[in-house]
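None of these values were measured; they are calculated from a predicted model. Within every chain, numbering begins at 1; the chains are lettered A, B, ... in the order of the sequence lines, protein sequences first and strands thereafter.
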Amino acid sequence: MEFDFSKIEEEVKKFWDQENVYRVEPDPSLPKYYVLDMFPYPSGAGLHVGHPLGYIASDIYARYKRLKGFNVLHPMGYDSFGLPAEQYAIQTGQHPKITTDKNIETFRAQMDKLGFSFDWSREVRTSDPAFYKWTQWIFIRLFHSWYNCKTDRAEPIESLILEFAQNGNAGVDAVSDQVSTFSAEEWSNFSAKQKSDILLNYRLAYIADSWVNWCPALGTVLANDEVKDGVSERGGYPVERKLMKQWSLRITAYAERLLQGLEKIDWSDSLKESQRNWIGKSEGCSVRFEVNGEGGTPLHRRGDGGEEDTLNVRKPGGYLTGEKSLGSILRDNARENRQAPTEAEEMLWQNIRNRKLEYKFRRQHPVANFIADFVCLQKKLIVELDGNDHKQNKEYDHERTRELERLGYKVIRFWNDEVLKNLSGVLSKIRDELKARPDLLTPDPSPEERGIDPSSPEKLFIEVFTTRPDTIFGATFITLAPEHELVGKITTPEYKKQVDEYVHYAKNRSERDRMADVKKVTGQFSGAYVEHPFSGKPIPVWIGEYVLATYGTGAVMGVPGHDERDHRFASHFGLPIVSILKDVDVTEKSFDDKQGILANSDFLNGLEVKDAISKTIDEIEKKGIGAGKVNYKLRDAIFGRQRYWGEPIPIYYDEASIPNTVEENELPVVLPEVDKYLPTETGEPPLARAKDWKYKGKFDYEHTTMPGWAGSSWYYIRYGDPHNQNEFASQKAINYWQNVDLYVGGDEHATGHLLYVRFWTKFLFDLGLIPFDEPAKKLVNQGKIQGRTLLINEELVQNPRTQEIVYHAFLSDGIKGKVSQYKLDGSFYTRQTQWPIRPPLISYVDKDREILYEENLKKAIEENGDIAFKKESAQKIEWLIESETNKKYIKLSWAPDKMSKRYGNVVNPDDVVTKYGADCFRLYEMFLGPIEQHKPWDTKGIDGCFRFLKKFWRLFNNEEGKWLVNEEEPTKEELKILHRTIKKVGEDIESMSFNTCVSAMMICVNELSQLDCHKRKTLEPMLLLLSPFAPFISEKLWQQLGHKESIVKAKFPQHDESLLVETSFEYPVAVNGKTRVKMNFDLNLSNDQIEKEVNSAEALQKYFEGKTPKKVIVVKGRMINVVV
RNA sequence: GCCCGGGUGGUGGAACUGGUAGACACGCAGGACUUAAAAUCCUGUCGCCCGCAAACGGCGGUGCGGGUUCAAUUCCCGCCCCGGGCACCA
């Protein structure tokens, strides 16, 4: 038979389908093995050659494990909710389900061509109601759970309610946002709404005002991991911080376990490191500094009670959300503004307060992250007054207006003068607007309505978090974040103006601005002092934007001697810098290392840093001014998305606006149909458009949907029992298949999916629903296959003063280095650059030879004009070229780059398969190098694999299609070749070193061809070795050998070590480390005998240069080294 | 800045716990078969030196500079470069 791969692949595929060879069921008599690929999102672009890399690797491994006698679960499905389909829906009006289904079809067709051994009967799709029913079910479980620090696990909320009813919350040790305590009696007297609000502070799924990453362009919030460098990961749109009511998951409860769990799983170092970074644990200590007035007069706490949280001592496993403290900052600020209204503000206020215009107005009220001058919440109407300085803030105000409008507010503005001169006109305009706006029945309660406002005189403390408590005697100042809630309270009157200005400045800088110039030192003295808890000395309190409000307590003790940032701050403002380590000078530079002997530190003197840290914590705890404390960077995961194409959150709101979960027997909450996939006019998410979509016909459903990572956080469990209608998976399936043995996927999911799936797994484990607490024992990150981007080398000679380009040339790759001779004159400078050739220019390039002909470039310029360089320079083009047959051209260089449709460098696997076959494609992708490594796609090397397959085929069939296999006994040499290969391939598959497997098989086939060996007894085992890599051709040849059952069901050969034993070895003999000659010795000879022979060896005498060898080192079976 | 990876021919890459650096493959050069091409096969291919040439031989060589060792791509110290993660995280 002829080697016609497309016919073979077609035939074999049919055979597999008929025989259902990849179907698996639990079988207690066999050991299981679970190989999983990361869930693909079915994008419209289909697969490119980079995608299947991981699938091929996992498929080889799965097939190998099957041959080794394991019952292998190897499923595939689709993460089919997601933004791109929805963006497309918004543009075209087409339902995302239609697009998604179509894309899935393309994906499936592409995957089918590649010969994967997936059990497709187990396919799941996250957007399938039968699947997301259980995603919703798990959400409900999260909602009805809290994290008990005493037992260090999640528990049903009922146990907490019981505790509240019996003992109040004082004895509860939970990860929560609850700050105030209450007794059992108080609990019983709380209204249903109050109880609900309190429980939300404990639930693992909760709704609360949180600072979120709002992406206006996508119209949704994003999780932290979906934001990179201030822009959205998908699409690259700007993201801003915003305070919103949001569903979140309390992943922070699991911070420590997520960190510890990394120790026991076999994942790559870099991935574990990313997760560790993301969790960001730091151990240290909180310290409270008492605030004194200048003259030692204590300042008194004023304002909000219920805010003692900044002073709280950490409960194990707990943490403090910085975002929450920002909320109170806004409120504080609002309160201050209220006390100093302008004349116009006051006048307007007197005329609209107390429902003078029928509706209740509030002044200086926080809305999102702004403070509105006046707002009517019932009508979502904001009235802003602008002074004369308004012009400077025009842009800012514009932004703010847009943002508020997005939230459904209407903003109207008046000038101060208008109010003063034409009050009645202003009032009637406001009245008109009020009339025109729809009524909102449940206005948000104001902070005053929500909280209590006892103004009991109390001492003020600043609490800091530090990882270096040992440096406490080196603290020469305290710095507060500008947003810190104490800023307004401690600032002394004479510094009020400067502080206000500074805070205003700092607040108006965006995150990105701050990130951009971190080196810039800014700050402001508050006038206040705190008392050093040990020395009693006064320490000034500063405000500086280098302190983050969201980390720790939003305040630091400035230790300029031993913290680089503090040193910069202190040097800039002339604050004292002291060293607390013996013989360490810190005047120029801080000494941040945790080593040395303490000095200038009272009771710490003479101690090592490490001992000093624990000693200090002891003392601090003894004094009751702080405690050892652990901080995590990890934040709770925002779970709601203002999007259509996602799982509905199974929550409805009752008459009292209390969130309740939908009855389990009513799941799934099916995604309703909507007329448009856009937010409503009032800024509600798209689900608000759904007609008559009410729970039990009357209650509002939650309108946000779940994020993309919801379904993928547990899908691997579903594969074990994908069609179960009564449970998320049966206990039988879960107990048999357990967790994933080998998980293959990209490292871009390090801090997203892979953290969330671990979180959900631990949660389900806590509830006793699964018997394991990690999703995957071993995880391999496949590298990306990069595209090739062609680069053009360009040189400019430029006049530095006029910037005029006087000379401009494209350089051929080979003569890049020779440009200096073309410099015109010393006063000009040359610049060499390379830029990528992208569409449309790419179409003018001879891609096979990677050259650009002069005529084509000229044509490109003519047809497209300004392609990638300035016209004027294009006219000055000169050439440093190579030429062949009088045709001028530039040889281009290239570099690996992202494979992307936009860059015109995408290679479609279908094309490769058509040309070389799937087997060859699989083999080549593996042959390219280690799977974890990123590597550029280059079709040039694929011929080698193609030749190998043909050669392999020709061991069975000759060119005329004649069958060559015979039944002769293999020779010893042939057996040795075979068994060496079996050993090598077996070992290398185990260690996932697939490239060397392919090499080993190539060597084997080369050798067998050389020996003209066509013996069944050598070829049949070879076929089994090849079958995980090239399943089609292997199956075909297997059939030709006369087997009726698929090769998939066969057994992997076992190598026979005895056949590999060599009797002698050709030793390289080195003299003084340099290999000189080769000598053959029997492996049974003793080292002494070899030494004797070597010493007298004729061939070596000349290297001894007459000296006698001092020593002979013999490494058995390796080499011999003679020392002279 | 900190933390992880990594740096080997023209290219992708190989080298077990320190033991013949460059396996295997691509590309290139030459040759065989052929009217020719494709396909296939054979030979050579790290650099430099000696040499008409080949065999043979010599020297250097795994980012750079040191060190340990009989022996270093591998271990140690110091640096440079590339990729990735985190980033005023106290």
| task | Determine, for nucleotides 12-17 of chain B in 5'-to-3' order, which nucleotides have protein heavy atoms under 4.0 Å from the base (write B), from only the sugar-phosphate (write S), or from neither (write -). | result | BSS-B-

| field | Minimal non-hydrogen separation, R954(A) against H1014(A), with atom names | value | O-CE1, 3.8 Å

| For the side chain of M1119(A), counting heavy atoms from C-beta on, which of C86(B), G19(B), C88(B) is nearest? | G19(B)

| query | How long is the line joining CG of L271(A) and P of C86(B), in whole Å? | reply | 12 Å

| task | Any chance you could measure Y546(A), atom OH, to R568(A), atom CZ, to the nearest 0.5 Å? | result | 9.5 Å

| Within the pair N1006(A) and A25(B), is there a side-chain N or O less than 4.0 Å away from OP1 or OP2? | yes

| field | Rounded distance (nearest 0.5 Å) linking atom SG of C1004(A) with atom CG of L1025(A) | value | 7.5 Å

| Nearest-Å distance for atom pair CG/P, residues N781(A) and G85(B) | 12 Å

| task | Using distance alone, with no hydrogens and no angle criterion, decide if D636(A) and T252(A) have a side-chain donor and acceptor under 3.5 Å apart. | result | yes

| said: If I compare all heavy atoms of V487(A) with all of A481(A), which pair ends up nearest, and what's the gap? | reply: CG2-O, 3.6 Å

| Under 4.0 Å between a Lys/Arg side-chain N and an Asp/Glu carboxylate O for E256(A) and K281(A)? | yes

| request: With F477(A) as reference, evaluate W542(A), F569(A), F289(A) under the ring-ring contact (aromatic ring centres under 6.0 Å, His included) test and give the passing residue. | output: F569(A)

| task | Please report, rounded to the nearest Å, how far the P atom of C41(B) is from the CG atom of D1012(A). | result | 13 Å

| Taking the side chain of E273(A) as its heavy atoms from C-beta onward, which of A90(B), C4(B), C41(B) lies nearest to it? | C4(B)

| Roughly how far, to the nearest 0.5 Å, is the CD1 atom of I580(A) from the CZ atom of F473(A)? | 10.0 Å

| message | Could you measure the distance from the CZ atom of F591(A) to the NE2 atom of H562(A)? Nearest 0.5 Å is fine. | response | 8.5 Å

| field | Test of ring centre spacing under 6.0 Å for F948(A) and F927(A) | value | no

| request: Ignoring backbone atoms, test whether R954(A) places a side-chain nitrogen or oxygen under 4.0 Å from the OP1 or OP2 oxygen of C41(B). | output: yes

| Taking RNA chain B as the partner, which of residues 745-755 of chain A come within under 4.0 angstrom of it by heavy atom? | none

| said: Base, sugar-phosphate or nothing for I1003(A)? Non-hydrogen atoms, less than 4.0 Å. | reply: sugar-phosphate

| query | Which atom names give the shortest non-hydrogen contact between M926(A) and L53(A), and what distance separates them? | reply | CE-O, 3.6 Å

| task | Classify the side-chain pair E545(A)/Y502(A) by whether it contains a donor and acceptor separated by less than 3.5 Å. | result | no

| task | State which of C86(B), C41(B), A90(B) makes the closest approach to the side chain of T466(A). | result | A90(B)

| task | Tell me what K281(A) touches on the nucleic acid: a base, only sugar-phosphate, or nothing, going by heavy atoms under 4.0 Å. | result | nothing

| query | Within the modelled atom types, does a donor on one side and an acceptor on the other bring the side chain of R568(A) and the base of C88(B) under 3.5 Å apart? | reply | yes

| request: For S274(A) and for M557(A), locate the closest nucleotide of RNA chain B by heavy-atom distance; then report the residue assigned to the nucleotide nearer the 5' terminus. | output: S274(A)

| message | Using a heavy-atom cut-off of 4.0 Å across all strands, would you classify K272(A) as base, sugar-phosphate, or nothing? | response | nothing

| How is R947(A) classified with respect to the nucleic acid when contacts are heavy atoms under 4.0 Å: base, sugar-phosphate, or nothing? | sugar-phosphate

| request: For the side chain of Q1010(A), starting at C-beta, report the closest nucleotide among U40(B), C42(B), C88(B). | output: C42(B)

| note | Walking RNA chain B from its 5' end, the first of W278(A) and V1122(A) to be reached, judged by nearest nucleotide, is V1122(A)

| request: Measure from the side-chain heavy atoms of K950(A) and tell me the nearest of C70(B), A39(B), A90(B). | output: A39(B)

| field | Pairing pattern in dot-bracket form [Watson-Crick, G-U; both distances under 3.5 Å; | = partner strand] for RNA chain B | value | (((((((..(((......[....)))((((((.......))))))((((.......))))..(((((..]....))))))))))))....

| query | The side chain of K633(A) lies closest to which of these nucleotides: C86(B), C70(B), C4(B)? | reply | C86(B)

| said: Under the criterion side-chain hydrogen bond (donor to acceptor under 3.5 Å, both in side chains), I'd like the reasoning laid out for N1006(A) against K951(A): C-alpha separation, chi angles, the key distance, then a yes or no. | reply: CA-CA 8 Å; N1006(A) 287 345; K951(A) 223 162 162 177; 2.7 Å; yes

| query | What's the base orientation of G12(B): syn (chi within 90° of 0) or anti? | reply | anti

| task | Check whether the side chain of N277(A) and the base of C86(B) form a donor-acceptor pair under 3.5 Å. | result | no

